[in-house]
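Beneath this line is the structure, given in structure tokens, with notes to follow.
Worth knowing before you read on, the calculation uses all heavy atoms, side chains too, and leaves out hydrogens, waters and symmetry mates.
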Amino acid sequence: MQEEMKMIYLAVPLVCLIPAIVAGLFGRKIGRIGAHTVTILGVGLAFFLSCYVYMDVMDGNTFNGTVYVWGISGGFPFEVGFLIDSLTASMMVIVTFVSWMVHIYTIGYMHDDPGYQRFFSYISLFTFSMLMLVMSNNFLQLFFGWEAVGLVSYLLIGFWYTRDTAIYANLKAFLVNRVGDFGFLIGIAAIYATFGSVDYSAVFASAPSLVDETIEIIPGTSWNMMTFICIMLFIGAMGKSAQVPLHVWLPDSMEGPTPISALIHAATMVTAGIFMVARTSPLFELSETALSVVLVIGALTAFFMALLGLVQNDIKRVVAYSTLSQLGYMTVALGASGYAVAIFHLGTHAFFKALLFLGAGSVIIAMHHEQDMRKMGGLRKLMPWTYATAVIGSLALAGIPPFAGFFSKDLIIESVHASTIPGSGFAYVAVLAGVAITAFYSFRLLFMTFHGKPRMDEHTLHHVKESPWVVVVPLVLLAIPSVLAGFMFMEPMAFSNYFEGVIYVSEEHDVLGAIGSIYEGKTGFSLVMAFMLHGMVALPFWLAVGGILLAWLFYIKKPELPGKVVDSVKPLYNVLVNKYGFDDFNQTVFANGTVKIGKFMSEYGDRRLIDGFFVNGTARVVEAFSRFLKPLQSGLVYQYAFAMILGLLGLMTWFLRVAQG
Amino acid sequence: MMNLDTNLLSLAIWTPIVGGMLVLATGNDKKASMARVLALIVSLITFAITIPLYTRFDVATADMQFIEMVSWIPAFNINYALGIDGIALLLILLTSFTTIIVVISAWQVIQQNVAQYMAAFLIMEGMMIGVFSALDAMLFYVFWEGMLIPMFLIIGIWGGPNRIYASIKFFLYTLLGSLLMLVSLIYLYYQSGGSFSIADFQAVRIPLEAQILIFLAFFAAFAVKIPMFPVHTWLPDAHVEAPTGGSVVLAAIMLKMGAYGFIRFNLPVTPDASRELDWFIITLSLIAIVYIALVALVQSDMKKLIAYSSISHMGFVTLGLFVFNKMAIEGAIIQMISHGFISAAMFLCVGVLYDRVHSRQIKDYGGVANTMPTFAAFMMLFAMANAGLPGTSGFVGEFLVILGVFQVNAWYAILAATSLILGAAYTLWMYKRVIFGSIANDNVSTLKDVNSREILILVLLAATVLVMGLWPAPFLDVIHTSVDKLLLQTSIVKM
């Protein structure tokens, strides 16, 4: 039985990898239909196998074992292996499901693209990488998956490689992620130096006993080793999960085709950081400082990135900034030790965010690749399916009960409220304010796109029609969990022993336990109802409703209002439009600055000092010296004789005066 | 009488040298195709000879294996002594593999003096294998100096417009170092009571002051070869002027000679001096990793950029060797082998473009992916390997070195790990400007994608890079005991 399950675990990533290779290498031979058939079958199979694994884990069968030994070094065997538990299984189901929907949707979206086969190859490879990441049982393989998703995102963002903006964005994404990976790698090195292992089980088992280890990074100051490790790991998470200030790559990743935006933003890549912190909870729990850093960074991201969503006119960018903000919420949950809630929100968010992105893509197809919402409007009747699913997605994002986002987001807010970790007061205010802003911009998007009068030109309007079924079916299939996932999974994930033995929370940080005690004795439907009733009399719900009403006022009732508001707060508006200046700062200081330093060193260090002064300088000195000596070799005998006499006299003088005297 | 079983190393050395002579005997370019085929056969046979070295290698012992010993110059007790450990084994395999690649890559590109070109590489191959398998210091020295000659000719004859400056710079630089090494070897000969055996050198006791002088003399020879900052400036010039095959051998194998010298001489012969001067090597290594990466970033010539990237990557090797940690040393050795494959691949990629457009300047390209999609895919893989992506061989060495070095000093690891960012920056920025974008000019629009011969080379290298990245165990397994022995030797107090 164990062996059979092991084969199934192995099969899940492989049925994504093999079709990716086939579509990538033999794309021309198997054609478009061949390429999408193998990859969709592969990922679909991966989804069903993941569901099977999930059920098996729910029955209590977990697994932690080696697939093969990657290499032995320094006496330590680095291995490739799987750890299958509730966290892994949940991630597998989410990743493969969203990816499968994206695969199907891609048939419609990329229909006319010459790189069709290549695209399918990449997105299957993306799924494989993410599966390797979540299924790993050690930090090395985690890093492998970590960088592999970075690679595939690089390929996908730059998919249209003739566009300057796309190849700028993909390089930027890769480099910013590498900054995070730099921290992550140092974190892994610190883990190995401290624990002598990179296997999760060994590291987590000995972590409590090594809690007082210190490291001296700046001479004279000693830092707690756990804090150092956790912060380094979190820097990695900041890169992948796009937390301030390493968030800059995510909005630009919109340069890729829409299906990959859905994949990156919902299921793969950005969730990696959240997953990793949840996975390493036994370490993070040992450092309150690290948790505090996580909490504050998350809160900053949740609030300030939400604000940016207000001023975007590109439909995809609105959704992109909402992803940043929602990732901030998940990070806040991690910082408050509500790891289970973070994963819960990761799941619900994956469904409704993929839905919103694919919905946006559906609109973009209908609008002939116009993405500016100011040129849309009134699409409600023309695209009923897209509209209906977009409404569901928006309600879920805004956190209106009983949609999925309500449960997870409310739990995050409650967790922060209950948390005593330094910074939780600030974080609580930030996530509360974020709720109103989120509701506002998501309904701004809905109203500007689907309501009001059509603002596109006659020609476009004439051609707008509902997207084909390959696009609509994934929307519907994603809308279902966007409604249901919240109340179905709240109790098991947040209030039961779902993550027992997987996620570790110390007693004094147990915020979920505190929240759970309010609903003591309630289970199933009554718990859900009690939670909803409690939520509907609490502040976040009314903030969300307020945000929606304000959006209605601004974009339906009085469309002239937004312009007036913008005029009255012009400086603030400009700050938001410039994205707080992060991009300009990075470009000027880091990108251009590094190139300037490089130019200086190349010119003055290598070319002038080493080559010019020392190397060629030596040659010139030798040349000058020999030029000076050359006349001595004149070939004239009387000169030589004269020199000999002089020498003889000199020697005699020395002999008589010095040697004998 | 040669015994095939016990004379494998001699066969590996002399087959390409004798074969090279035969190729030379085909004469002028009228028989060029015969020279090509013959060269390919010789390189394949040599590779086949080196395979049993791996399959019959005993991983359990740290002793030298496949030993051969014949007295050569009895008056000075100089012997023709050969033998290898795991480290030399990997380098010999790298050499024989790379030579095949070089021969195939020159197939159409070299049209003048074909026989001489092929012969130069084959003879050089034999000498390089000789360097890696010599157990006698004089024999080592003879091969060491001997291999300079073919390389000098390769750059000087088949090189670019500034080839004379480059080849003389290359020659003088390396010769200066070698002469100091010779002085040390002679000193050690007297110290060891009249032996040139490297093993005797490693056993002889030497006072610290003398050790430091010997260390520095060897350092001069090996640092130039690697090359380490600040004696690296000959390398970009040599690469730029060298023909593609010359660059490949230079980067893939010749640079490794320096690191191999550190492993054979500096660390075991002068362990106290090595420990005394570790800060010196570590500092230079870290400068190489960071400073050279920054210099690489701004190069406008593709070959120069890759040359600088080589220096930066070799910084990991010297860093790993001088922290006296097993994982770091193993990482350093893996990095040597991996860098051989990756730099060879990168130079071949530039060669593919150069053969078509006759420019190495980045600005002359742009949008190559439009006309050469297959080539773009291969180069993507190698660029990522150069940037140290996990799953490629480029990751393994850097990862192990960083993990090993962190155990000694966190700051070394932090500085070294900046290559994660800088390496990606210079490699992918170049890739972006050359491969991505819309078609930049007429040259690019008429490019033909790689032909089957080029694909063959790229596939061979790609497969190696991937296998080594996904499963480095076969490479690591053969060096464990050798590294243990090296670590033991470096820990001995010999003063």
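Heavy atoms of A:F182 lying under 4.5 Å from chain B belong to its backbone as well as its side chain. Proximity to chain A is limited to the side chain of B:A410, based on heavy atoms less than 4.5 angstrom apart. Of the two parts of B:D484, neither the backbone nor the side chain holds a non-hydrogen atom closer than 4.5 Å to a non-hydrogen atom of chain A. For A:F228, the part lying under 4.5 angstrom from a heavy atom of chain B is the side chain only. B:W411 touches chain A through its side chain: at least one heavy atom from C-beta onward sits under 4.5 Å away, while N, CA, C and O do not. For B:L400, the part lying under 4.5 angstrom from a heavy atom of chain A is the side chain only. The parts of A:V179 that come within reach of chain B are both its backbone and its side chain, each placing non-hydrogen atoms under 4.5 angstrom from that chain. Contacts between A:I215 and chain B at a heavy-atom distance below 4.5 Å involve the side chain alone, from C-beta outward. Residue contact with chain A, scored on non-hydrogen atoms closer than 4.5 Å, involves the side chain of B:T374 exclusively. In this structure, chain B has a heavy atom under 4.5 Å from the side chain of A:L171, while its backbone stays farther away. No part of A:A619 comes within reach of chain B, as not one of its non-hydrogen atoms sits under 4.5 angstrom from that chain. For a residue to count as touching a neighbouring chain, one of its non-hydrogen atoms must lie under 4.5 Å from one of that chain's; by this rule A:N177 does not touch chain B. In this structure, the portion of B:F229 lying under 4.5 Å from any heavy atom of chain A is its side chain and not its backbone. Proximity to chain B is absent for every atom of A:L609, based on heavy atoms less than 4.5 angstrom apart. Looking at A:F614, there are no atoms closer than 4.5 Å to chain B (heavy atoms on both sides), in backbone or side chain. Both the backbone and the side chain of A:I186 come within contact range of chain B, each with at least one heavy atom under 4.5 Å from a heavy atom of that chain. Proximity to chain A (any heavy atom under 4.5 Å) is restricted, for B:L297, to the side chain, taken from C-beta onward.
Of all residues spanning residues 132-146 of chain A, those with a heavy atom less than 4.5 Å away from chain B's heavy atoms are A:L140, A:F143, A:F144, arranged by number. Residues of residues 166-174 of chain B placed with any heavy atom under 4.5 Å of a heavy atom in chain A are listed by number as B:K169, B:Y173.
Formation of a donor-acceptor pair under 3.5 Å by the B:S338 side chain with backbone atoms of B:S393 is found in this model. Judged by distance alone, the side chain of B:N386 and the main-chain N or O of B:F382 form no donor-acceptor pair under 3.5 Å. Remark: side-chain polar atoms of B:S312 are not paired, donor with acceptor, to backbone N or O of B:Y308 under 3.5 angstrom. Between the side chain of B:T371 and the backbone N or O of B:V444, at least one donor-acceptor pair lies under 3.5 Å. Without hydrogens or angle criteria, B:S419 side chain to B:I289 main chain gives no donor-acceptor distance under 3.5 Å. Between the side chain of A:S626 and the backbone N or O of A:V622 there is at least one donor-acceptor pair closer than 3.5 Å. Using modelled atom types, one side-chain atom of B:T427 and one backbone atom of B:G423 make a donor-acceptor pair closer than 3.5 Å. In this structure, the side chain of A:W249 does not engage the main chain of A:L175 through any donor-acceptor pair within 3.5 Å.
Of the residues considered (B:A369, B:A413, B:G391), B:A369 shows the highest number of contacts with chain A, using heavy-atom pairs under 4.5 Å. Put simply, of B:V396, B:V231, B:I334, B:D477, the one with the most heavy-atom pairs under 4.5 Å next to chain A is B:V396. For the set A:V69, A:V615, A:N170, the count of heavy-atom pairs under 4.5 angstrom toward chain B peaks at A:V615. The residue among B:L487, B:N370, B:I402 with the most heavy atom pairs within less than 4.5 Å of chain A is B:N370. Of the listed residues B:P474, B:A296, B:A387, B:G331, the one with more heavy-atom pairs under 4.5 angstrom with chain A than any other is B:A387. When B:L389, B:D237, B:V408, B:N325 are compared by the number of non-hydrogen pairs under 4.5 Å with chain A, B:L389 comes out ahead. For the set A:G24, A:G605, A:A193, A:A190, the count of heavy-atom pairs under 4.5 angstrom toward chain B peaks at A:A190. In terms of heavy-atom pairs under 4.5 angstrom with chain B, the leader among A:L185, A:V198, A:I188 is A:L185. Per-residue counts of heavy-atom pairs under 4.5 Å with chain A were compared for B:W429, B:F475, B:Y431; the largest is that of B:W429.
In terms of heavy-atom proximity, B:L381 sits nearest to B:A462 at CD2-CB, 3.5 Å. Nearest heavy atom pair, residue B:M380 against residue A:L155, reads SD-CD2, 3.5 Å. Nearest heavy atom pair, residue A:W160 against residue A:E255, reads CE3-O, 3.8 Å. Taking both residues in full, the closest heavy atoms of B:P472 and A:W70 are given as CD-O, 3.1 Å, listed atom of the first, atom of the second, then distance. Closest of all the heavy-atom pairs between B:T233 and B:P236 is O-CD, 3.5 Å.
Rounded to the nearest 0.5 Å, atoms CG (B:L415) and CD1 (B:I287) are 10.5 Å apart.
Around atom CZ of A:F590, no more than 12 heavy atoms belonging to other residues, nucleotides or ligands sit under 6.0 Å away. Under a cut-off of 6.0 angstrom, the local environment of CZ in B:F324 is crowded, with over 12 non-hydrogen atoms contributed by other residues, nucleotides or ligands. Heavy-atom neighbours of A:Y604 OH from other residues, nucleotides or ligands within 6.0 Å: at or below the threshold of 12. No more than 12 heavy atoms of other residues, nucleotides or ligands lie within 6.0 Å of CZ in A:F613, so this atom counts as exposed by the packing criterion.
In summary, the side chains of B:Y291 and A:D606 do present a donor paired with an acceptor at a separation below 3.5 Å, with no hydrogens or angles considered. No side-chain donor from either of A:T194 and A:E213 sits under 3.5 Å from a side-chain acceptor of the other.
Annotation: side chain of A:M225 is not in contact with side chain of A:T214 (no heavy-atom distance under 4.5 Å).
A distance below 6.0 Å separates the ring centres of A:F159 and A:F119.
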